[in-house]
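Encoded as structure tokens, the structure appears first; notes follow it.
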Amino acid sequence: MSSKIALVFGGSRGIGAACVKKLNEDGFDVAFTYVSSAPEVPAAVAGTSVKAYRADIASPEDIAKVFDEVEAEFGGKVTCVLANAGINVPPGPMAQFDPDNFRKLVEVNIVGAFNILAEA
């Protein structure tokens, strides 16, 4: 295993998946999170590992659990954290959001980012 361990929150698709790939190419063991469906884990570069973990970033307990699991399974401390997870529910202008959807957006995008950084 490498001595560099990256943890990408929201790494299952889009920009997050591209970050997982690039970090792995740069020699990191990479753990990444998803929230709903387990993604296909990309092939790791020789000498490194890539693994997916389920976590809801709105839950500090989920985040702490992922850090603990990653450090136990990869055999060292996380050296790079990327807070990429976020939502836009429903997709569209914020002015048209239902108040409950807006609360969920704030809980995930703002409180979730805080949770990740606080644990890191």
Would V108 and V81 show up in the same hydrophobic cluster when neighbours are defined by side-chain heavy atoms closer than 4.5 Å? yes

For the side chain of N115 and the backbone of I63, is there at least one donor-acceptor N/O pair under 3.5 Å apart? no

Approximate separation, where rounding is to 0.5 Å, of E69 CD and K51 NZ: 7.5 Å

With sequence neighbours excluded, residues passing side-chain hydrogen bond (donor to acceptor under 3.5 Å, both in side chains) with N24: T48

Do F67 and V78 touch side chain to side chain, with heavy atoms closer than 4.5 Å? yes

Identify the two heavy atoms, one from F28 and one from C80, that lie closest to each other, and give their separation to 0.1 Å. CE2-CB, 3.8 Å

Between R54 and D62, does any NZ, NE, NH1 or NH2 come within less than 4.0 Å of an OD or OE carboxylate oxygen? yes

Is the shortest side-chain heavy-atom distance between D29 and V50 below 4.5 Å? no

Give the minimum heavy-atom separation between T33 and A55, together with the two atoms involved. CG2-CB, 4.1 Å

For residues V70 and Y53, determine if any side-chain heavy atom of one lies less than 4.5 Å from a side-chain heavy atom of the other. yes

So if you build clusters from Ile, Leu, Val, Met, Phe, Trp, Tyr with side-chain heavy-atom gaps below 4.5 Å, do I87 and V66 land together? yes

Hey, does L7 have a side-chain heavy atom less than 4.5 Å from the side chain of L82? no

Should the heavy atoms of other residues, nucleotides or ligands under 6.0 Å from CG of L117 be counted, would the total exceed 12? yes

Within the side chain of T79, is there an N or O that forms a donor-acceptor pair under 3.5 Å with the backbone of K4? no

Residues 36-46 side chain polar contacts: donor-acceptor under 3.5 Å, at least two apart:
none

Could you go step by step and tell me if L105 and N88 meet the side chain to side chain contact (heavy atoms under 4.5 Å, CB included) rule? CA-CA 7 Å; L105 179 113; N88 185 14; 4.3 Å; yes

Please answer: with hydrophobic residues joined when any side-chain heavy atoms are less than 4.5 Å apart, are I15 and V8 in the same cluster? no

Between CG of D98 and NZ of K104, what distance do you get to the nearest 0.5 Å? 11.5 Å

Does the pair R103/E107 count as a salt bridge with the N-to-O cut at 4.0 Å? no

Hey, are K22 and D26 close enough for a salt bridge, meaning a charged N less than 4.0 Å from a carboxylate O? yes

Partner residues of E71 under the salt bridge (charged side-chain N to carboxylate O under 4.0 Å, His left out) criterion, sequence neighbours left out: K77

Heavy-atom closest pair (A113 atom, I57 atom, distance to 0.1 Å) is N-CD1, 4.3 Å

Between V20 and G11 the two heavy atoms that sit nearest each other are CG2-O, 3.7 Å

